[in-house]
Number of protein chains: 2
Amino acid sequence: MGEPLNERSQNILEAIVEDYIQTAEPIGSRAITKRHAFDLSPATVRNVMADLEDMGFLASPHTSAGRIPTDKGYQYYVESLLQVRDLSEEFRNNIEDDSRFAGKNMEDIMQEVGNLLSGISSYTGLVMAPRFNSTIFRQIEFVRLSQGRLLVIFVSESGLVQNKVIEPGIDFSQRELESITNYLNHRLPGMTITQVRERIAVELREEKTRLSKLQKQAFELSDKALQGDVSEQIYVAGTSRMLEQSDFTSHDSMMKIMRTLESKQQLIELLDRSQSASGVQIFIGSQSTDSKIEGCSLITSPFSGNNGAVGTLGVIGPVRMNYSQVIPIVDFTASLVGRLLDRES
Amino acid sequence: MGEPLNERSQNILEAIVEDYIQTAEPIGSRAITKRHAFDLSPATVRNVMADLEDMGFLASPHTSAGRIPTDKGYQYYVESLLQVRDLSEEFRNNIEDDSRFAGKNMEDIMQEVGNLLSGISSYTGLVMAPRFNSTIFRQIEFVRLSQGRLLVIFVSESGLVQNKVIEPGIDFSQRELESITNYLNHRLPGMTITQVRERIAVELREEKTRLSKLQKQAFELSDKALQGDVSEQIYVAGTSRMLEQSDFTSHDSMMKIMRTLESKQQLIELLDRSQSASGVQIFIGSQSTDSKIEGCSLITSPFSGNNGAVGTLGVIGPVRMNYSQVIPIVDFTASLVGRLLDRES
DNA sequence: CATTAGCACTCAACGCGAGTGAGTGCTAAT
DNA sequence: ATTAGCACTCACTCGCGTTGAGTGCTAATG
């Protein structure tokens, strides 16, 4: 598999991939010699192309068309041929333009980051906010709703707000809730939600000996509040950009993609894989996932602030994607979001 | 314009609209006589159809095809011919299935309602949560972020949570914030946000004479927190359902629609018109709006709880939509959501 | 021996024209 | 007023030749 492509083959493969990315039309031998100043005749190029096809880097839609890159071809291109340029000053300024985020809460910021990714890359932008369980607890509030129902609001170090409804069984008075809130807000900050949960479990186990009634209630309540996983927050922007791609002309492929983009669950699965890695990751075509996003590539990067919150963002587009542009965009945006997270803490 | 259609014409128009909704193919005179037991010959039906075309209720794609309803035709059908059946027991039970909303916060409930609308109607579901300014204030909380930035969290009577970030200029201590929070939470509940805002303005004008420093700070802070409009919360579900419609085959129409569905702003404009009315409203095709959702119809209904919060929900689909099914679905769902809002207060 | 010119070959894409059939509008008969 | 009959229209389909970009092979070339 690790065929040692000689330099000429590499150059030609690179030329084909780049031309194809630009034109979306199969590339013929003659086109190559014209657009690039290789000192080669079309015939020679044809021979090389035939070899590249044998090795699985290229494919021909039919005999009398040019060649198009296979997924393997793209992959080789991305891994070995592509050199990522730095982002142009203009782009960087555009991305970093703070006014866009001014006075926005985290939710809106995440959405705005999605818009940004989509707008600049002209593909579809994805943002997965940091998993709530891994974020650092900052504050908790309880609001009484009707019939013994309580609204619990958590705020994390990085300014993320989550709320859920619980039914604790006991009807606490406003005063009791305030005390409980106070107690918890003095004891819990600084730990991740997961740690908080463990702490609560420990405290409750040792309850009989040490805890006052208030303390016990406080822990029971927060235990209830933290039960069950909070659903991931996913933000998608620019889905219609997908339809603009000349690659997805068939109804079928469009629908498949749009359905996937609608399903938070599927997006989570896609983005999850990138969560643990560091730096930009690239998933190309079928390699990336079993036909769920057939014909698509995914460029992702985790982002994280100093306080340990880790999320993922990325861009999804056709395999025939402008990698050299998108990769630095994703990279730079991820670092920006990291900084935004820190800003709040 | 108000032509008095005789009964026979009405029957034939109705038959054509219904058949067309079902088959999506132009309806010919012979097809009518076959599928419906009018005691008429195709020729007679043809005459009637020609009349209906003259009056603008029908159109023929080309001479040798059957007729299809015009927007005006649909409109007449919906207003005068269609009788809305009650929702079947099955549907009602399905919609009312409470487990779907169990333990969910308002945000998730709204999203779930969108899914419900989309799932049952098999078109695209839209939900616009009650305007925050018109909801009744229940509780406010402040969370200190870094650098003098404050996170403000509002909770409304119906359990809606909103948060925003403000920079008050002064760096309040945690204790001060608690006092301010306390003070506000005892003074403000029961009013709508708009009323709260007015109240604050009044209090601040009279400040010198009566208010303590704390009170003054409290009002100034909440004034700041309430400045600027909170963006509407819009939930869209089942956008890919739009692509499934055989009516939108052209790239162009698809993209137009998907773009509109992505733009919160445009959706707000669409749903806003229905906000003030009561009961189900139907916007058909071009009538509904200038080409933004060309070829689409919109069925909406406002929903409201006892506490005055008013939102809008609806279904958007092709003009060739199954009105008799969708209308009761929207109606029933709106009343359900009204009840869900009350549940919290 | 790698490269290239030359050439026959392939095949999607395009355009054209005949055939088909669903559906219409008109006219004359009932 | 309704209907049977009939000529007419026109989108749609299918087959067929033409076109041209591009290929693979072979033989010539430096």
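Since we're looking at a predicted model, the values are computed, not measured. Every chain is numbered from 1 and lettered A, B, ... according to where its sequence line falls, protein lines coming before strand lines.
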Between B/Tyr77 and B/Glu14, what is the shortest heavy-atom contact and its length? CE1-CG, 3.9 Å
Watson-Crick or G-U wobble partner of C/dA22, both distances under 3.5 Å: D/dT9
Nucleotide range of DNA chain D lying under 4.0 Å from chain B heavy atoms: D/dT2 to D/dA11
From B/Asp247, B/Asp19, B/Asp71, residue fulfilling salt bridge (charged side-chain N to carboxylate O under 4.0 Å, His left out) relative to B/Arg320: B/Asp247
Within this structure, what is the CE-to-P distance between A/Met49 and C/dT3, rounded to whole angstrom? 16 Å
Would you say A/Thr44 reaches C/dT3's phosphate, i.e. side-chain N/O to OP1/OP2 under 4.0 Å? no
Start at the 5' end of DNA chain D and walk down; is the nucleotide closest to B/Ala43 or to B/Thr63 reached first? B/Ala43
Euclidean distance, atom CD1 of residue B/Ile68 to atom C1' of C/dA22 [Å, nearest integer]: 16 Å
Would you please test A/Val113 and A/Leu313 for side chain to side chain contact (heavy atoms under 4.5 Å, CB included) and show each step? CA-CA 9 Å; A/Val113 168; A/Leu313 56 76; 4.0 Å; yes
Quick one: A/Asp51 CG to C/dA2 P, roughly how many Å, whole number? 12 Å
Comparing B/Pro61 and B/Leu40 on DNA chain D - which has the more 5′ nearest nucleotide: B/Leu40
Residue that, paired with A/Leu117, satisfies side-chain contact (heavy atoms from CB on, under 4.5 Å) out of A/Ile95, A/Val326, A/Ile316, A/Val315: A/Val315
Reckon A/Ser60 touches a base, only the sugar-phosphate, or nothing at all at heavy-atom distances under 4.0 Å? nothing
Check whether any side-chain heavy atom of A/Arg85 lies under 4.5 Å from a side-chain heavy atom of A/Ser324, and answer yes or no. yes
Taking a pair as Watson-Crick or G-U wobble with both distances under 3.5 Å, which nucleotide is matched to C/dA28? D/dT3
Sub-4.5 Å side-chain heavy-atom contact between B/Val48 and B/Arg8: yes
Rounded distance in Å - CG (A/Asn47) to P (C/dT4): 10 Å
